[in-house]
Amino acid sequence: MLDIELIRKKPEFVKERLSTRDKTLPDLIDEVLELDKRRRKILTELESLRAERNKKSKEIGLLKREGKDTSIIEKEVREIKERIDSLEEELREVQGKLRDLMLRVPNLPHESVPIGEDEEDNVEVRRWGEPRDFPFDPKPHWEIGEKLGVLDFERGARLSGSRFTVVRSWGAKLERALINFMLDLHTSKGYEEILPPHLVRPEILEGTGQLPKFEEDLYKCERDDLYLIPTAEVPLTNLFRGEILKEENLPIYMTAYTPCYRREAGSHGKDIRGIIRQHQFNKVELVKIVHPDTSYEELEKLTSDAEEVLKLLGLPYRVVELCTGDLGFSAAKTYDIEVWFPSQSRYREISSCSNCEDFQARRMNTRFKDSNGKNRFVHTLNGSGLAVGRTLAAILENYQREDGSVEVPEVLRDYMKADIIAPA
RNA sequence: GGAGAGGUGGCCGAGUGGCCGAAGGCGGCCGCUUGCUAAGCGGCAGAGGGUUAACAGCCCUCCGAGGGUUCGAAUCCCUCCCUCUCCGCCA
């Protein structure tokens with residue numbers, strides 16, 4: 001959520017920043033300003049009426065103790081009350097509308113974010129590693145996986161429909177090895193390992209920004225009013241919601257492995273083959289809760305912590321900075337890490353690292369007491385470290401050999417207790 | 001799932017319709033004093049919002065959340081959430 005005071009004081013600035021995302025957003029701000037004005041007008045009037053009522057009610061108490069008649073003054077208060085009631089209803093309506101609107105306004109892009117419309121305008125920041133030269137035609141991961149008996153698409157669909165895959169034998173083992181490897185790496189760098197619930201309340205998703213706008217993308221358990229998490233970012237970031245943290249406890253670093261559940265409502269036809277886009281996939285997530293002064297440094301560190309995974313796995317990648325038009329709803333700035341897929345001869349997203357500044361903190365009401373004793377909103381960051389299914393796919397492709405077997409990356413061999421995955 | 005108890009400020013805890021934003025204690029901050037592995041005395045201190053040049057003043061709201069009753073609610077009623085105890089069920 002944006003700071004309403006900022007919108008009031010610098011509406012043109014806010015509109016200019018939002019228009020870099022989407023030209024229609026400034027209209028929302030005009031609506032916000034209008035509602036805010038109405039809200040304050042009602043509030044001022046309402047408060048002076050309440051003050052009057054409070055004063056007179058106190059008088060009634062005093063008069064009654066003296067045994068005096070209070071019928072006239074009671075009638076006055078009753079009249080005031082009627083006006084209060086109708087103003088309160090008006091206020092509730094305006095405030096509800098305002099809140100709903102505010103929850104649908106995305107974060108302001110940071111000034112350093114390149115202006116652009118879509119992913120075409122993202123800016124490559126750096127590359128690491130050399131894509132391997134294959135003496136044969138590299139196969140896509142789904143072919144390799146099926147041939148090795150590690151990806152079973154047919155039975156996955158039988159159980160749950162399209163975009164569900166069964167991972168078997170050495171594939172399951174590789175997936176587990178990856179999860180352990182990633183968690184071990186991150187915890188060695190000071191991230192606390194967390195095992196959060198996978199089902200959360202609606203207000204939790206509102207806290208991180210998935211609700212109310214992206215309801216369609218979520219799986220919901222209707223009878224219990226709970227949602228399956230689309231990413232561990234959701235429970236981790238919300239962990240301290242409503243709390244006032246101590247400044248000396250910042251920064252907080254957390255990591256978690258969870259499955260992620262996404263309806264992929266808007267992506268019909270995209271990435272139909274393989275395991276790039278699934279309704280359920282594993283991810284190791286990184287979340288930081290930090291002092292506002294340090295959040296951009298922390299973003300750089302977070303991104304390099306995610307990159308470290310790919311370096312150790314020996315997978316070539318590049319880092320791109322998302323342009324304003326491609327930025328996620330809650331993010332002020334985002335780096336995507338894209339890994340090399342030889343069969344497609346291109347880099348594909350495997351991690352997304354964002355600084356949300358105080359956008360989520362405001363929604364969750366997570367604050368800290370600064371050295372002056374003032375309560376301020378924290379900044380929150382999140383990044384994949386990494387998407388495990390895509391990592392597995394990338395390993396299958398980048399480490400494939402002509403005979404259809406796949407070499408196990410060196411750092412995983414102890415976890416796997418194997419050097420090679422060969423057809424059964 | 002059934003029966004019961006309860007949710008008050010950083011913590012503990014009083015408060016059953018008006019003088020309660022809330023006693024008291026602990027902890028915290030400031031000052032004084034004594035003079036020493038600390039005590040005593042005095043003072044200050046919650047959050048959000050409106051008004052405003054103002055982190056001055058004034059005002060409003062907040063005693064788990066949301067509704068309601070009442071001239072007036074922490075106190076009465078309803079719904080929900082959470083915690084605890086007992087029973088049942090269960091990996």
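What you are looking at is a predicted structure, and each value in this text was computed from that prediction instead of being measured. Below, chains carry the letters A, B, ... as their sequence lines are ordered, and counting in each starts from 1. All heavy atoms count here, side chains included; hydrogens, waters and symmetry mates do not.
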What's the spacing between [X] [atom1] and [Y] [atom2] if we round to 0.5 Å?
X: A:Asp22; Y: A:Thr324; atom1: CG; atom2: OG1; answer: 10.0 Å
X: A:Leu25; Y: A:Thr20; atom1: CG; atom2: OG1; answer: 9.0 Å
X: A:Asn282; Y: A:Leu386; atom1: CG; atom2: CG; answer: 12.5 Å
X: A:Ile7; Y: A:Leu18; atom1: CD1; atom2: CG; answer: 8.0 Å

With both pairing distances under 3.5 angstrom for Watson-Crick or G-U wobble, and | for a partner in another strand, the correct string for RNA chain B is ((((((((.[[[..)..(.....]]].(((((.......))))).((((((.....)))))).[[[[[..)....]]]]])))))))....

Between [N] and [M], how far apart are the two [atom1] atoms, rounded to whole Å?
N: B:rC60; M: B:rA5; atom1: P; answer: 37 Å
N: B:rG67; M: B:rC11; atom1: P; answer: 25 Å
N: B:rG2; M: B:rG13; atom1: P; answer: 29 Å
N: B:rC55; M: B:rG17; atom1: P; answer: 40 Å
N: B:rG50; M: B:rA38; atom1: P; answer: 47 Å
N: B:rU75; M: B:rG21; atom1: C1'; answer: 14 Å
N: B:rA65; M: B:rU8; atom1: C1'; answer: 15 Å

Over 12 non-hydrogen atoms of neighbours within 6.0 angstrom of CD in A:Glu248: yes

Determine the contact category for [X]: base if any of its heavy atoms lies under 4.0 Å from a base atom, sugar-phosphate if only primed atoms, P, OP1 or OP2 are that close, otherwise nothing.
X: A:Lys64; answer: base
X: A:Arg8; answer: sugar-phosphate
X: A:Leu43; answer: sugar-phosphate
X: A:Lys81; answer: base

Ring-plane angle category for A:Phe368 and A:His291, please: parallel below 30°, perpendicular beyond 60°, tilted otherwise. tilted

For [X] and [Y], which I'm curious about, is there any donor-acceptor pair between the side chains at under 3.5 Å?
X: A:Tyr257; Y: A:Glu193; result: no
X: A:Thr237; Y: A:Glu233; result: no
X: A:Tyr219; Y: A:His279; result: yes

Range on RNA chain B touched by chain A - first to last nucleotide, heavy-atom distance under 4.0 Å: B:rG18 to B:rC82

